[in-house]
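Notes for the one structure printed next.
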Amino acid sequence: MNLFDRMLEEVRGAIARLAEAGQLPPDLDLGRVTVEPPRDPDHGHMATNAALVLARTARRRPMELAEDLARELGGAPGVREARATAPGFVNLRLEDAVWLEQIRCVLEQGEDYGRTDLGAGITVNCEYCSANPTGPLHVGHGRGTVYGDALANLLAFAGYRVVREYYINDGGGQVEVLARSLFHRYREILGDDPGPLPPDAYPYPELIPVARRIAEEDGPVWLGQPEEAWRERFARAGSEAMMARIREDLAALGVRFDVFTSERRLIQEGRIEEAVRRLEEQGHVYVGTLPPPKGKPVEDWEPNPQLLFRASAFGDDSDRPLKRANGAWTYFAADLAYHYDKFRRGAPLLVDVWGADHGGYVKRMEAAVAALTGGKARLVVKLCQMVHLYRGGQPLRLSKRAGSVLWLRDVLEQVGRDVFRFMMLTRKNDAPLDFDLEKAVEQSRDNPVFYVQYAHARICSVFRHAEEAGMPTDRRRLIAAPLDQLRDPGELALVRTMAHWPRVVVGAARHFEPHRIAFYLHDLAGALHALWTRGKEDDALRFVIPERPQVTLARLAMLAAVRQVIARGLRIMGVEPVTELQ
RNA sequence: GCGCCCGUAGCUCAGCCGGAUAGAGCAUCGGAUUCCUAAUCCGAGGGUCGUGGGUUCGAAUCCCGCCGGGCGCACCA
């Protein structure tokens with residue numbers, strides 16, 4: 001249990017004692033009682049709002065109740081001071097030893113320090129990336145993929161059983177476009193002049209080798225054939241080749257999925273009919289005509305009766321088509337079947353990471369999950385906003401039409417996986433993100449990646465020096481270090497920041513916000529850098545002092561613990577901690 | 001027109017389930033390097049938290065209106 005939860009228990013105990021003594025009514029609702037670090041460190045290490053929250057129902061003045069609580073808490077183990085302050089907070093100061101003991105916890109628990117059972121072993125299916133198999137990943141895909149991957153790491157650390165899943169959209173119209181694009185290249189290769197590339201075709205040169213392989217394997221047999229004859233062949237070859245390329249891109253990003261699910265396969269296995277039948281049984285499906293779209297007028301709009309899902313009964317703004325006017329299943333129908341499939345594979349919590357341009361799709365998917373699972377599954381959709389690319393402060397103008405796309409792979413080659421991953425997590429998911437290729441490569445001081453990496457590397461450097469000086473650095477000795485040697489306010493501030501880690505994990509996991517890890521690591525690195533510099537000004541504060549082995553051992557233990565927490569945080573972000581920078 | 005997201009310092013953004021005098025980085029200005037990595041540190045200036053109401057002990061945070069920006073709005077994905 002982390003320190004804040006431990007103190008919350010003490011607060012609850014104090015409230016129970018007051019209730020027993022008749023100074024508080026029994027059975028108060030303690031749901032809103034919190035123990036948090038105060039914004040202003042002068043107020044103490046922790047503060048509880050208990051008196052403020054309970055005053056009304058207890059019919060007590062907040063300040064008086066706070067004073068009663070402070071009196072009770074003053075005697076709690078590890079509490080040095082408990083003081084009531086206006087308007088009714090109780091500020092707590094803990095014994096230094098309590099904080100310092102966290103060092104030993106970190107060293108003993110290692111990678112597990114900060115792990116929580118928040119998820120209670122519940123299976124969560126995280127679906128992210130899921131880029132169409134029609135081309136390589138670009139930078140926008142990169143953001144959602146990094147976010148999803150870090151979120152999956154975070155949830156796993158927070159006690160969920162995590163399934164990482166990629167949905168391959170290989171069943172719809174976009175792979176037919178891919179097939180036509182490939183066929184165009186195929187004709188070019190075989191000298192059967194197809195004319196200029198049609199405007200809706202994918203212009204990527206990455207398609208040329210795929211077309212060439214078809215030409216080599218099949219020869220000219222498809223020339224002059226109608227689309228129905230070659231579509232399947234080209235669509236299959238194209239999507240498989242592009243998925244192979246996407247898997248390479250994912251590997252370059254350091255992302256691994258547990259499951260790849262193919263839309264085409266879901267369709268072939270009759271899953272759509274199955275899911276729609278289930279909705280039908282519950283009376284959520286009907287044939288009807290939707291009103292015309294409200295946005296820009298659609299020129300070829302005609303009122304058509306369609307098979308519809310009664311999404312409006314589940315909070316959506318309108319009912320949604322399951323079949324097109326031509327009778328084919330819609331993408332939504334397949335996606336609905338897909339989500340039902342994920343639920344039936346054993347995940348009551350479904351997390352989808354989408355681009356912000358799919359925001360209009362959220363409600364209908366939530367409605368579908370609610371209807372299909374009878375409310376037994378919860379769908380959480382996280383939208384990632386756009387990435388704006390810059391180079392040296394100048395916005396990068398890219399246009400798909402002109403074929404000037406910046407592939408993720410190229411960016412990774414330029415800036416490196418770790419920089420890219422960290423930068424993608426320096427904003428919360430629903431805020432747009434500026435990414436400057438030049439600054440990221442520069443490794444300049446306004447690059448937060450290196451600020452954090454530098455802290456880790458500095459600690460590694462201290463250990464190298466300690467070993468050269470013949471100081472013990474093994475884990476066993478560090479765990480037994482005399483932590484009471486750490487008395488400097490800077491040391492204690494660093495240790496307290498480090499001890500916030502379990503809290504950060506819980507907050508980040510509860511809100512599905514891995515960016516909080518990045519901001520926390522920046523703070524922790526800052527506390528380390530500050531302490532470091534004081535050692536340059538005052539010899540007594542240097543980490544390694546050969547003449548004072550006890551102090552040195554305690555400081556090395558502290559540094560080892562901080563390094564452990566930084567490394568853990570970086571790994572959740574999918575960033576490799578470095579041991580030196582040059 | 002409707003839905004979702006956003007609006008916090010000159011710029012880019014944090015702000016945890018409502019909490020105390022609203023924070024960080026960049027930029028500007030002033031300092032710190034014999035010695036564990038200066039890719040660092042210390043300090044200063046800079047904010048009506050878009051705006052108007054409401055809820056309450058307390059609102060950047062929750063609710064409503066308005067203004068401004070982004071995304072989306074049958075039969076694509």
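Values in this document were obtained by computation on a predicted structure and should not be read as measured data. Below, read A as the first sequence line, B as the second, and so on, with proteins coming before strands; counting in each chain starts at 1.
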Measure from NZ on A:Lys363 to P on B:rG72 and round the result to the nearest Å.
17 Å
Check nucleotides 42-46 of chain B for protein N or O atoms closer than 3.5 Å to its own N or O atoms and list the pairs.
none

Please classify the nucleic acid contact of A:Gly535 as base, sugar-phosphate, or nothing, using heavy-atom distances under 4.0 Å.
base
Using the aromatic ring of A:Phe89 (for Trp, its six-membered ring), decide whether it stacks on the base of B:rA20 within the limits of 5.5 Å and 30°.
yes
If you look at every strand shown and take non-hydrogen atoms under 4.0 Å, does A:Gly360 touch a base, only sugar-phosphate, or nothing?
sugar-phosphate
Looking at residues at least two apart in the chain, or sitting in another chain, which of them share a side chain to side chain donor-acceptor pair (under 3.5 Å) with A:Asp357?
none
Does the structure show A:His43 stacking with B:rA20, if we require the centres to be closer than 5.5 Å and the planes to be within less than 30 degrees of parallel?
yes
Nearest-nucleotide 5' precedence on RNA chain B, A:His529 against A:Val462:
A:Val462
Nearest non-hydrogen partners of A:Tyr147 and A:Pro514, listed with the distance:
CE1-CD, 3.5 Å
Ignoring backbone atoms, test whether A:Lys536 places a side-chain nitrogen or oxygen under 4.0 Å from the OP1 or OP2 oxygen of B:rC41.
no
Rounding to an integer number of angstrom, what distance separates B:rG50 and B:rC6 when you compare their P atoms?
13 Å
Could I get the full list of side-chain contact (heavy atoms from CB on, under 4.5 Å) partners for A:Ala508, not counting sequence neighbours?
A:Leu154, A:Arg516, A:Ile517
Between A:Glu165 and A:Thr261, do the side chains contain a donor N or O and an acceptor N or O under 3.5 Å apart?
yes
Residue pairs fulfilling salt bridge (Lys or Arg N to Asp or Glu O under 4.0 Å) with at least one residue in residues 529-553 of chain A, sequence neighbours excluded
A:Asp488-A:Arg534
Just the atom pairs and distances: protein N or O near nucleotides 55-59 of chain B's N or O, under 3.5 Å.
{"residue": "B:rU56", "atom": "O3'", "partner": "A:Arg56", "partner atom": "NH2", "Å": "3.2"}
{"residue": "B:rC57", "atom": "OP1", "partner": "A:Arg56", "partner atom": "NE", "Å": "3.3"}
{"residue": "B:rC57", "atom": "OP1", "partner": "A:Arg56", "partner atom": "NH2", "Å": "2.1"}
{"residue": "B:rC57", "atom": "OP2", "partner": "A:Arg56", "partner atom": "NH2", "Å": "2.8"}

All side-chain contact (heavy atoms from CB on, under 4.5 Å) counterparts of A:Ala337, not counting sequence neighbours
A:Arg271, A:Ile272, A:Ala275
Under-4.0 Å salt bridge between A:Lys363 and A:Glu366:
no
Thinking salt bridges, do A:Arg503 and A:Asp5 make one under a 4.0 Å N-O criterion?
no
Charged tip of A:Arg458 within 45° of A:Phe463 ring normal and under 6.0 Å:
no
Can you say whether a donor on the side chain of A:Asp335 sits under 3.5 Å from an acceptor on the base of B:rA77, or the other way round?
no
Residues at least two apart in sequence or cross-chain that pass side-chain contact (heavy atoms from CB on, under 4.5 Å) with A:Leu433, listed by chain then number, are A:Arg143, A:Val387, A:Met424, A:Arg427, A:Phe435
Base, sugar-phosphate, or nothing for A:Pro432, non-hydrogen atoms under 4.0 angstrom?
sugar-phosphate
Heavy atoms under 4.0 Å, any strand shown: does A:Thr85 hit a base, just sugar-phosphate, or nothing?
base
Dot-bracket, 5' to 3', for RNA chain B please: Watson-Crick or G-U pairs under 3.5 Å, [ ] where pairs cross earlier ones, | where the partner sits on another strand, dots elsewhere.
(((((((..((((.....[...)))).(((((.......))))).....(((((..]....))))))))))))....
For A:His465, all residues meeting side chain to side chain donor-acceptor pair (under 3.5 Å), sequence neighbours excluded
none
Contacts of type salt bridge (Lys or Arg N to Asp or Glu O under 4.0 Å), residue A:Glu491, not counting sequence neighbours
A:Arg555
According to a strict under-4.0 Å criterion, is A:His515 in side-chain N/O contact with OP1 or OP2 of B:rG15?
yes
Sub-4.0 Å heavy-atom contacts from residues 497-508 of chain A onto RNA chain B, ordered by number:
A:Arg503
What contact category does A:Ala47 fall into here, base, sugar-phosphate, or nothing, at under 4.0 angstrom with non-hydrogen atoms?
base
Using the six-membered ring for Trp and the full ring for Phe, Tyr or His, decide whether A:Tyr331 stacks on the six-membered base ring of B:rA77 (centres under 5.5 Å, planes under 30°).
no
Work out how far the P atom of B:rG43 is from that of B:rG3, and round it to whole angstrom.
48 Å
Need one value for A:Val362: base, sugar-phosphate or nothing, where a base atom within 4.0 Å counts as base even if backbone is also close, heavy atoms only.
nothing
Report the residues that fulfil side-chain contact (heavy atoms from CB on, under 4.5 Å) with A:Asp430, sequence neighbours left out, ordered by chain and then residue number.
A:Lys428
Which part of the nucleic acid, if any, lies within contact of A:Asp430, taking any heavy atom under 4.0 Å across all strands shown: a base, the sugar-phosphate backbone alone, or nothing?
sugar-phosphate
Stacking here means centres under 5.5 Å and planes under 30°; does A:Trp532 stack on B:rC36?
no
Sugar-phosphate, base or nothing in reach of A:Glu580, heavy atoms under 4.0 Å:
base
What integer distance in Å separates A:Leu8:CG from B:rC16:C1'?
15 Å
Respond yes when some side-chain nitrogen or oxygen of A:Tyr451 is under 4.0 Å from OP1 or OP2 of B:rC41, and no when none is.
yes
Is the shortest side-chain N to carboxylate O distance from A:Asp335 to A:Arg364 below 4.0 Å?
no
Which residue, A:Lys342, A:Lys382, A:Arg378, forms the salt bridge (charged side-chain N to carboxylate O under 4.0 Å, His left out) with A:Asp352?
A:Lys342
First encountered from the 5' end of RNA chain B, between A:Thr426 and A:Arg324:
A:Thr426
